[in-house]
2 protein chains.
Amino acid sequence: MAVTLHDVARVAGVSIKTVSNVINNFEHIRPATRAKVLLAIDELGYRPNLSARSLRSGRSGVIGLVVPEFSLSYFAELADAVIKAAERHGQVVQIEQTNGDRARELEVLSSPRIQFSDGVLFSPLGMSNDDADALTVPYPLVLLGERIFGGPVDHVTMRNVEAARAATEHLIATGRRRIAVVGAHEGEIIGSAGLRLRGYREALEAAGIPFDPDIIVNTTLWHRSNGATAMRELLATGAQFDAVFGLNDTLALGAMRALQEAGLRVPHDVAVIGFDDLDEARYSLPTLTTVDPGRTEIAETAVRVLLERIQGAQPDAAPVEYLANFSIVERESTAIS
Amino acid sequence: MAVTLHDVARVAGVSIKTVSNVINNFEHIRPATRAKVLLAIDELGYRPNLSARSLRSGRSGVIGLVVPEFSLSYFAELADAVIKAAERHGQVVQIEQTNGDRARELEVLSSPRIQFSDGVLFSPLGMSNDDADALTVPYPLVLLGERIFGGPVDHVTMRNVEAARAATEHLIATGRRRIAVVGAHEGEIIGSAGLRLRGYREALEAAGIPFDPDIIVNTTLWHRSNGATAMRELLATGAQFDAVFGLNDTLALGAMRALQEAGLRVPHDVAVIGFDDLDEARYSLPTLTTVDPGRTEIAETAVRVLLERIQGAQPDAAPVEYLANFSIVERESTAIS
DNA sequence: TTGAAAGCGCTAACAT
DNA sequence: ATGTTAGCGCTTTCAA
């Protein structure tokens, strides 16, 4: 059987409370007592039972992270940042993948699977603003991403419109006028695609460049393959363009690949910009100019905000929206040639 | 306060045991009783307290996954596969990152942080065979990777030597004779680098090609940047070669990038092969020939083996070593030109 | 088929 | 500075 506090107390010749005090680093313990207890712990190989601790204290030290899937590199890098931020606060992260499927996202929210955690960071991809009510759950929840705004919970996200506008302005500033977009979602207003397209249009308008739907290509998923396919389709239409805004980096990299396949030079013939600043964007050929959306800041803020809710200083405080700072990372794919 | 079994029992007018039976899907419950209970659960919004359940039953339904970090794409894709496999068995995955740091790896093994889980999948990068004793822990542990062999626990890994040999043979079969290696670890015998280099040497020997240390480049970490840097160094030495074996895909992609930067054409001047079959290898320019090391099979086997140990049918069964099947995925980077 | 009661290992309130 | 004790919510004998 497992070694318990009682065993340690017996061997150390103290009470169970004293052992608990030592384990939890309480003050006011005589050094000699502490030493005795530590010796007994070591001798018996005692390890606290976290289930019991959690049952009693109502706190598990675990936070849940619900994301679409790690094969989307953005979420792998986000998870990396969240785990590191959580660790700094002594928290462990439990992960649930939804594949961006709305039904699964809704199900996970009420599933007991997530119930070990003290709170959840939730990054939906399939749910929309209409589902905002489902975010009212009996545990602390912090929303990530840009599928739902104005919901009943704290929300940490990026400046999609402004960042996309800045990305487009960067292309315009380097002399491009016919800027294709890869990854749009027809009719979407809220959501990464809709917001980023809005930023794009704002930049065009400010520069007096007409919007041309013929160089906007839709894709459903934002995988590399979709970016390549979309670009091949666009090239097949014979449309003219001198730049491409990939609504994320994987799309941009896929599109860049298709451009080069077709014998076009990047950035000489066509400039390419992405969005996300994946590690990978630094090692493509050419290296990819992109938007750093503040992923680390998002992860750190989200963890901090969630822990504040868990600690419950102000349980009824109104939901807050946090926006991370972005920056344009200039690389070769948009250099002036 | 949270709704408990007692509340449900009271509202449903049955005993707590009956409620428990319904929740755990026991047989022999009168449909009417079940309906009453389900109604009460719904009405009160009851959700089971997993800490209590776990304390009582000794099983949490959580498995731990300890990996270096997700910014190494291989581990992101491995985690994806593990989470999906665990889900099929109704298990949740808790993740711990070690950054491949030996001290942290050793620490995690004995940390209470991991103690919520019923068992752990452990993928070290810093530990070596000398640390095998540290794997003797008081919970089920399944070892992944190729840092430790013959340890005291079940081990699921890939056929490194055979796969690397097959990769090298593929290059030789396409007419290459001077095959550089990127990512070697000087003097390593066990470990991905050591094993893969051994497979490489076996293939050379079988083909009667002399081994030339001048075209073997060491790198510590296997990030894209290291592959690019290593290749630039190799080019700077003036050494001649007509192919590159990147000991993983990110190294190969980085190396390919440096080759192209230097004006060399892939595969025309230099063929490139990687190892891992990352999603990304399908969308580079040119697409990357690589080894599929059986990642999905590894994840599924590891989860299955761990759960068998947790269920403890044969607690004292001798440790087993499982080897996944590999295959060469031929793409453009090694096409005959 | 359902009920009563014990107790998993721990923390926290209270006592000394 | 340390000891005593109740009880977190659940599963699990054992009884009925």
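Keep in mind that this is a model prediction, so the values were computed, not measured. The sequence lines fix the lettering, A, B, ..., with proteins before strands; numbering per chain opens at 1.
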Answer yes or no: is there an ion pair linking A:Glu300 with A:Arg304, defined by an N-O contact shorter than 4.0 Å?
no

Write down the distance between CG (A:Leu55) and P (D:dA6), rounded to a whole number of angstrom.
17 Å

Sugar-phosphate only, base, or nothing, as touched by B:Thr33 at under 4.0 Å among non-hydrogen atoms:
sugar-phosphate

Give a yes or no on whether the backbone of A:Ile310 and the side-chain of A:Asp118 come within a donor-acceptor separation of less than 3.5 Å.
no

Is the B:Tyr322 to B:His155 ring centre distance short of 6.0 Å?
no

Between A:Thr18 and D:dG3, does any side-chain N or O lie under 4.0 Å from OP1 or OP2?
yes

Regarding A:Glu87 and B:Arg104, does a basic nitrogen lie under 4.0 Å from an acidic carboxylate oxygen?
yes

How many Å lie between CG on B:Asp7 and P on D:dC8, as a whole number?
11 Å

Under the side-chain hydrogen bond (donor to acceptor under 3.5 Å, both in side chains) rule, what do A:Thr157 and A:Glu146 come out as? Steps first, then yes or no, please.
CA-CA 7 Å; A:Thr157 185; A:Glu146 29 279 340; 2.7 Å; yes

Just checking, is any N or O donor in the side chain of A:Ser54 or B:Ser51 under 3.5 Å from an acceptor N or O on the other one?
yes

What side-chain donor-acceptor pairs closer than 3.5 Å can you find for residues 69-76 of chain B, not counting sequence neighbours?
{"unit_1": "B:Glu69", "atom_1": "OE1", "unit_2": "A:Lys84", "atom_2": "NZ", "d": "3.3"}
{"unit_1": "B:Glu69", "atom_1": "OE1", "unit_2": "B:Ser71", "atom_2": "OG", "d": "3.0"}
{"unit_1": "B:Ser73", "atom_1": "OG", "unit_2": "B:Arg224", "atom_2": "NH2", "d": "3.3"}

So which atom in B:Ala318 and which in B:Asp154 form the shortest heavy-atom distance, rounded to 0.1 Å?
O-OD1, 4.2 Å

Under a 4.0 Å heavy-atom criterion, the protein footprint on nucleotides 10-16 of chain D, written with B, S and -, is BBBB---

The bend of the helix from C:dT1-D:dA16 to C:dT16-D:dA1, taken between the axes of its five terminal pairs at each end and rounded to 10°, is 30°

Protein-nucleotide distance (B:Arg59, atom CZ; C:dC8, atom P), rounded to Å:
18 Å

